[in-house]
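Everything below concerns the one structure shown next.
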Amino acid sequence: MRRPRVLFSLALVAGLLLPQHPDASPVPGVIAVGPGGATLGYLSKVAVEPQGSELTFVNGDELAHTVTAVDRDPDGKPLFSGNALPGTTSVIAGVDRLKAGSYDFVCSFHPNMAGTLLVQGGSGGVGAAKPRFQTPLKMPEVLTGSRITLTAEQADVPLLPGRPATTMYTFNGSWPGPTIRRPVGAKTTVTVVNKLPSAFGSISLHVHGDHHSSADDGRPDSDLVATGKAKTYTLGLKDGGKAERAAFSFYHDHRMDETGRNNWYGLNGMFITDDPKEKRLGLPTGAYDLPLTVADRSFDDASQLTDPFPTASDATSPTTPFTGPYAPPGDATAGTRTLVNGTFLPYQLTANRRYRVRLLNASNFSSYDFHFSDGRPMVQVGNGAALLSKPVTRTDVLLGPAERADVVVDFSNALGKNVVLESIARTDGSLTGIGSQSTPLMQFRVTKRAPQSAAVPAALVPLPALDIPTAPTMTWVLGLGANTGGTHWTVNGQPYEDGRTDAAITLGSTQRWAIVNASTITHYVHLHEEAWRTVTRNGQPPPAWEAGLQDTWRLDPGDVVEVAARVTDFTGPFLIHCHMLDHEDHGLMATFTVLKPGQQAPAHKHPTLLDLTSRYLCTVPKESRT
Ligand code: C2O
Ligand code: CU
């Protein structure tokens, strides 16, 4: 165990100073978290504080935690926020300027941890400001040609209203990158040209949710696009010789150990495919089809992105490369502001009719439970990988990193109103999950009249037939591993290693996989290559919104999800991994290799220490962690 001494003495201090868990009366000026905090929450759910004094945060847990106000100042920043590394204390910035009142706070890494700060007495001070929606929603440029070029380049992108632009590493100078929009079945090439500063290194492109060859999968450690070079990815947009189903995919960099960093700096966008046969469904189209990419970032005072990623010094040995305060399970890259299509708190002038809203959670780590401020229902028609067979009406939709939801929202009764799309704390009663962020996202200003010309039919796209094996053909267990001086995430006991085949499966076979979360933190697990149907969730039939084809699943601690698919068209290595990018970059990834019948799994040689340490070298300047 790391830092046993500090932990022991802090636990002692916390034990003397603080009331017993869960809910005795709070000690003024102190908020504390003990071992198991991500599950158990703060030791006392209430903190009290005379106005004008400081709040001290005592972290006696093995994970980093924050105390972050839910309410925001006029600039949109949390009213107070502070981070304590494992076994340390810190002063929460911003508390001493608050006016008297009651303020909810959460841990921004594990927002299921929630508490309330009561500031007592006094007058004056700063209080919560209403969110200001000042900037029109941006739509990324749409590219529709069969030969697309994405040039990775540094660009200054306006993200925060009224503030200097933010330097990012983008595709084609914008963030999110251009939206690629193609008909299903129409062969498409995407050429990635790497014009980033050489210190950024090589990149790759993965079209998450699409069915394509291993060579076109944006492999993390092979066929990378080096500085000054280009690579063309070929996507047939077909499955089994026929046009693929319509979908909206998430394209992003997938470089080994740097996927988190490369996405944070801007290398991602949306790839939408349209099926002309779906026109008959009458879902909203054109200006009434809104792709929304939702992602959080943290900024310094000059509006530049913070760099919350570990450096080369964190790489110490081949099997335990991750040490230091953010080593697993303590990793967490959560931003303090959540942006929609690259703008903080945008608004959209909206007509009084139905819209199709394509929600993509492109955050590195955070989950959002999407909700409308007036409780307006969303009719979910799909989850990005495909349309559902039947629509499902919901008032909130929880999405982890890389998850999508395709929903239809009716604003016909809202003329003259402003409706806010927000993320709220998880409503499903899960006590052990990682929670979801509480934050406003964007405003729909319903100012325009338009005829209602779209409805959602009772039947959408039927699930293709599949003969599902009665028992799992493979089990994947997600866990945490420790070794001399370090920790890493594991799949079936091992951290990811390039070139190692963790499961060999036969082309043409039908697989039924069980995914088991044996760790104490939520994971969002993504399977490359096929869209899978969810057979069971914790032994039960899945909820209606999980009853279609999908590529990413939430697994709270202890959850078991079984999925099934037929393996078609392509041989070679593909990935299973957690899409919380800190987890992916810190080991929670494995390889399944698709073989022709009778073919042998490839041999594999372990890399040397030199291979591994050179791989971690990263020269992007480090600033502060969120
Ligand atoms: Cu969205 Cu393996 O990735
Ligand atoms: Cu994870």
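From a predicted model like this one, the values you see are computed outputs, not experimental measurements. Both ligands and their constituent atoms are indexed starting at 1 by order of listing.
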**Message:** Is it the case that the side chain of Asn341 and the backbone of Thr293 share a donor-acceptor pair, with hydrogens and angles ignored and the cut-off at 3.5 Å?
**Reply:** yes
**Request:** Describe, in one word, how the ring planes of Tyr169 and Phe200 are oriented to each other, choosing from parallel (under 30°), tilted (30 to 60°) and perpendicular (over 60°).
**Result:** tilted
**Request:** Write the atom name of the N, O or S atom in His523 that is nearest the Cu ion (ligand 2).
**Result:** ND1
**Prompt:** Which is the closest N/O/S atom of His583 when seen from the Cu ion (ligand 2)?
**Reply:** ND1
**Message:** Would you say atom 2 (Cu) of ligand 1 has His528 as a near neighbour, meaning an N/O/S atom of that residue under 2.8 Å away?
**Reply:** yes
**Request:** May I ask you to check whether His252 brings an N, O or S atom to under 2.8 Å from atom 1 (Cu) of ligand 1?
**Result:** yes
**Request:** Could you please compute the angle at atom 2 (Cu) of ligand 1 from NE2 of His254 to NE2 of His577, rounded to 10°?
**Result:** 100°
**Request:** Answer yes or no for His579: is there an N/O/S atom below the 2.8 Å cut-off from atom 1 (Cu) of ligand 1?
**Result:** yes
**Message:** Restricting to N, O or S, what is the name of the atom of His208 that lies nearest atom 1 (Cu) of ligand 1?
**Reply:** ND1
**Fill in**
In Asp217, Val207, Leu205, Leu575, the residue satisfying side chain to side chain contact (heavy atoms under 4.5 Å, CB included) with His254 is Leu575
**Request:** Take the angle between the ring planes of Trp532 and Phe592 and call it parallel below 30°, perpendicular above 60°, tilted in between.
**Result:** perpendicular
**Message:** Once you measure the plane-to-plane angle for His526 and His208, does it fall in the parallel (<30°), tilted (30-60°) or perpendicular (>60°) bin?
**Reply:** parallel
**Message:** Would Ser249 and Asp210 count as a side-chain hydrogen bond (donor to acceptor under 3.5 Å, both in side chains) here? Give the steps.
**Reply:** CA-CA 7 Å; Ser249 301; Asp210 182 57; 5.6 Å; no
